[in-house]
Amino acid sequence: MGNSVAVTQACDFILFGTKGDLARRKLLPSLYQLDKSGLLNSDSRIIGVARNPLSREEFQTLVENALNEFVKEDLCQETLARFFERCDYVQVGLTEVGDYARFKGVLSDERITVNYFSTPPALFGDICEGLASNGLITETTRVVLEKPIGFDLLSSKVINDVVAKFFNENQIYRIDHYLGKETVQNLVALRFANSLFASKWDNRTIDHVQISVAEEVGIEGRWGYFDKAGQMRDMIQNHLLQVLTLVAMDPPVNLDADSIRDEKVKVLKSLRRINENNIHDKTVRGQYTKGFLQGNEVPGYLEEEGANQASNSETFVALRVDIDNWRWAGVPFYLRSGKRMPAKSSEIVVHFKNPPHNLYRESYRDLPPNKLTIRLQPHEGVDIQMMNKVPGLGQSTRLQTTKLDLSFSDTFKDQRIADAYERLLYEAMLGNQALFVRRDEVEEAWKWCDGIINAWNESDERPKPYPAGSWGPVASIALITKDGRSWDE
Ligand SMILES: NC(=O)C1=CN([C@@H]2O[C@H](COP(=O)(O)OP(=O)(O)OC[C@H]3O[C@@H](n4cnc5c(N)ncnc54)[C@H](OP(=O)(O)O)[C@@H]3O)[C@@H](O)[C@H]2O)C=CC1
Ligand SMILES: O=C1O[C@H](COP(=O)(O)O)[C@@H](O)[C@H](O)[C@H]1O
């Protein structure tokens with residue numbers, strides 16, 4: 001964020017679940033960074049909410065501890081002093097309607113309030129009810145919802161319906177933190193600010209697209225949550241499908257929230273259904289067994305703390321996705337995401353078609369394709385694989401694949417890359433919904449994922465084992481090689 005970035009309007013940021021893991025690890029540090037960058041209005045306040053009594057000073061100590069632990073740099077004392085001045089605490093048992101009266105006198109009708117629900121979704125209805133019963137919802141009230149929005153289409157509708165009883169869609173900000181990543185935002189700029197790509201972004205030029213999100217982490221301590229979800233609900237339904245929509249959408253008429261979201265929904269509606277008839281051709285699911293990561297032995301999924309030996313939950317998913325529309329007919333999108341992979345690495349690789357005629361066929365039966373790689377994390381940046389002539393005299397022309405490499409750390413040397421949550425909190429305070437997921441997007445994504453999950457549940461096949469520290473089950477290689485292609489490692 002540069003110097004010309006707008007400062008947010010004065011608002012009250014109310015953090016429900018302020019003692020929780022997400023609040024401590026991501027939200028409080030992001031608010032601190034926004035304050036340090038001068039982007040929080042001098043009059044904005046941060047109000048922590050939890051069920052235990054805490055004095056203002058005790059809350060400030062909790063905030064300080066979180067910042068000491070999770071801000072990865074020395075804290076600036078001047079910012080810290082200003083930040084503490086903004087912090088206040090209100091004790092509310094989230095299911096106790098009467099407790100919300102404690103906000104009276106702390107909040108005022110005239111100010112924008114941004115209510116961040118960093119709690120289990122089962123509490124969203126109670127929080128809305130508590131706020132409404134105490135007259136705390138006005139036109140200037142916003143609500144930020146954490147994922148997961150449901151477990152399937154039906155349960156997501158229940159959550160969305162509950163919140164919609166109290167808030168209009170233009171007051172609701174559904175988080176998908178991938179939309180806050182700098183590199184995901186850059187993807188949109190790359191596509192729509194460069195004529196080079198704008199005119200070459202369809203089935204005439206592109207052969208296929210790969211979207212891979214590999215995680216090194218396993219499930220450590222999160223079995224209770226993760227086993228009910230699996231990698232499909234945890235990563236594909238939200239993050240990977242969101243990235244896919246940004247790669248595949250048509251140009252929006254402008255950058256307004258609904259213009260972008262209208263185009264994203266069209267992509268979701270065009271996804272070819274996967275069901276019991278094509279599940280084996282189009283999907284591979286895996287579950288990690290014990291293995292080695294960075295030289296250390298790590299347990300298998302079924303050996304993690306709290307594990308149920310009969311679990312069929314997948315920790316890895318690979319998919320061939322077809323988009324049935326004019327632009328993408330015949331261009332498969334291969335998606336892959338798993339836990340306990342050899343390294344953390346998220347990237348989009350766009351493989352271009354070869355030239356129609358190969359002039360270099362004496363040396364190359366097939367020319368290596370041009371590839372555009374968008375590295376989401378780590379080593380954020382973009383590179384393009386191209387063919388170049390090796391310098392030299394002589395009759396035969398030797399070619400070599402070379403890369404035009406635009407690494408963020410080299411290109412934007414002194415520019416700090418803001419955390420995804422920092423950007424999203426900032427946008428929510430500005431009132432810009434473009435980076436948040438609209439209800440119809442969530443529901444279309446669930447509709448498509450439910451088909452796959454139901455087909456898996458009905459099949460008697462277990463997820464395929466893969467050792468921790470590998471790139472997933474062998475079958476995931478077959479998924480793409482049977483189409484004459486291969487994963488980019
Ligand atoms: N942690 C993460 O990295 C991510 C989390 N999320 C989502 O964000 C949300 C929060 O996650 P996380 O912080 O990990 O969860 P935690 O369980 O760590 O925190 C949830 C918070 O909700 C509070 N809470 C629960 N019940 C009540 C109640 N009746 N009254 C008052 N407070 C209550 C808890 O209070 P108390 O401390 O008193 O128990 C706790 O502070 C969840 O929906 C999660 O799925 C999404 C993506 C990543
Ligand atoms: O939402 C989630 O995302 C993380 C991965 O996020 P990243 O920014 O580190 O790529 C994942 O580990 C977690 O299981 C999931 O709930």
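Bear in mind the structure is a predicted one, so any value in this text is a computation, not a measurement. Each ligand, and each atom within it, is numbered from 1 in the order the structure gives.
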Engineer: Using the benzene-type ring in the case of Trp, are the ring centres of Y301 and W223 under 6.0 Å apart?
Structural biologist: yes
Engineer: Taking side chain to side chain contact (heavy atoms under 4.5 Å, CB included) as the criterion, tell me which of T119, V163, V143 meets it with I127.
Structural biologist: T119
Engineer: Given Q91, H177, E146, identify the one with the heavy atom nearest to atom 46 (C) of ligand 1.
Structural biologist: E146
Engineer: What protein heavy atom sits nearest atom 41 (O) of ligand 1, and how far off is it?
Structural biologist: G20 N, 3.2 Å
Engineer: Just need the protein heavy atom nearest to atom 20 (C) of ligand 1, so name the residue and atom and give the distance.
Structural biologist: S118 O, 3.8 Å
Engineer: Output the list of atoms in ligand 1 that are nearer than 4.0 Å to some heavy atom of P121, sorted by atom number.
Structural biologist: 43 (O)
Engineer: Provide, to 0.1 Å, the distance between atom 23 (C) of ligand 1 and the closest protein heavy atom, together with that atom's residue and name.
Structural biologist: G17 CA, 4.2 Å
Engineer: Any protein heavy atom sitting closer than 4.0 Å to atom 15 (O) of ligand 1?
Structural biologist: no
Engineer: Would you mind checking which non-hydrogen protein atom is closest to atom 33 (C) of ligand 1, with the distance to 0.1 Å?
Structural biologist: L94 CD1, 3.7 Å
Engineer: Can we call the ring centroids of Y334 and H208 under 6.0 Å apart?
Structural biologist: yes
Engineer: Under 4.0 Å from any heavy atom of L123, which atoms of ligand 1 are there?
Structural biologist: 25 (C), 26 (N), 27 (C)
Engineer: Would you say the side-chain atoms of Q91 pair up with the backbone N or O of V49, donor to acceptor, closer than 3.5 Å?
Structural biologist: no
Engineer: Do R273 and K447 have side chains that get closer than 4.5 Å, going by heavy atoms?
Structural biologist: yes
Engineer: Does a side-chain heavy-atom distance below 4.5 Å link H351 with V209?
Structural biologist: no
Engineer: If we ignore hydrogens and angles and just use 3.5 Å, is the side chain of W446 paired with the main-chain N or O of I149 as donor and acceptor?
Structural biologist: yes
Engineer: If you measure only the distance, is there a donor-acceptor pair under 3.5 Å linking the side chains of N134 and R102?
Structural biologist: no
Engineer: Counting C-beta onward and ignoring hydrogens, is there a side-chain heavy-atom pair between V298 and F292 closer than 4.5 Å?
Structural biologist: no
Engineer: Strictly below 4.0 Å, N to O, side chains only: are K339 and D234 in salt-bridge contact?
Structural biologist: yes
Engineer: For atom 4 (C) of ligand 1, which protein heavy atom lies nearest, and how many Å away is it?
Structural biologist: L22 CD1, 3.7 Å
Engineer: Any side-chain heavy atom of Y178 within less than 4.5 Å of one from L240?
Structural biologist: no
Engineer: Apply the side chain to side chain contact (heavy atoms under 4.5 Å, CB included) test between K264 and each candidate in L241, L246, L244; give the one that qualifies.
Structural biologist: L246
Engineer: Among all protein heavy atoms, pick the one closest to atom 7 (C) of ligand 1 and tell me residue, atom and distance.
Structural biologist: K147 O, 3.2 Å
Engineer: Could you tell me which atoms of ligand 1, counted from 1 in the order shown, lie closer than 4.0 angstrom to a heavy atom of V92?
Structural biologist: 31 (C)
Engineer: Quick one about Y466 and T315 (side-chain donor to acceptor, distance below 3.5 Å, no hydrogens or angles considered), yes or no?
Structural biologist: yes
Engineer: If you look at each N/O of ligand 2, which protein N/O atoms lie under 3.5 Å away, and at what distance?
Structural biologist:
residue, atom, partner, partner atom, Å
ligand 2, 1 (O), K147, NZ, 2.7
ligand 2, 1 (O), H239, NE2, 2.8
ligand 2, 6 (O), H177, NE2, 3.2
ligand 2, 8 (O), H177, NE2, 2.8
ligand 2, 8 (O), K181, NZ, 2.7
ligand 2, 9 (O), K344, NZ, 2.6
ligand 2, 10 (O), Y178, OH, 2.5
ligand 2, 10 (O), K344, NZ, 3.4
ligand 2, 10 (O), Q377, NE2, 2.7
ligand 2, 12 (O), E215, OE1, 2.4
ligand 2, 14 (O), R222, NH2, 2.5
ligand 2, 14 (O), D234, OD2, 2.6
ligand 2, 14 (O), K339, NZ, 3.0
ligand 2, 16 (O), K147, NZ, 2.9
ligand 2, 16 (O), D234, OD1, 2.7

Engineer: Out of L27, T18, D21, who is nearest to atom 18 (O) of ligand 1 when you count heavy atoms only?
Structural biologist: D21
Engineer: Side chain, backbone, both or neither: which part of D126 comes within less than 4.0 Å of ligand 1 when only heavy atoms are counted?
Structural biologist: neither
Engineer: What residue and atom, counting heavy atoms only, is the protein's closest point to atom 9 (C) of ligand 1, and at what distance?
Structural biologist: T119 O, 3.6 Å
Engineer: What part of R25, side chain from CB on, backbone N/CA/C/O, both or neither, has a heavy atom under 4.0 Å from ligand 1?
Structural biologist: side chain
Engineer: Please tell me if atom 43 (O) of ligand 1 is touched by the protein, where touching means a protein heavy-atom distance below 4.0 Å.
Structural biologist: yes
Engineer: Main chain of D450, side chain of N454: is a donor-acceptor contact present, judged purely on distance under 3.5 Å?
Structural biologist: yes
Engineer: Which residue and non-hydrogen atom of the protein lie closest to atom 39 (O) of ligand 1, and at what distance in Å?
Structural biologist: R51 NH2, 2.8 Å
Engineer: Would one find an N or O of Y421, backbone or side chain, under 3.5 Å from an N or O of ligand 1?
Structural biologist: no
Engineer: Give the atoms of ligand 1, by number and element, whose distance to some non-hydrogen atom of P148 is under 4.0 Å.
Structural biologist: 45 (O)
Engineer: Using a 4.5 Å cut-off on heavy atoms from C-beta on, say whether the side chain of I477 contacts that of L479.
Structural biologist: no
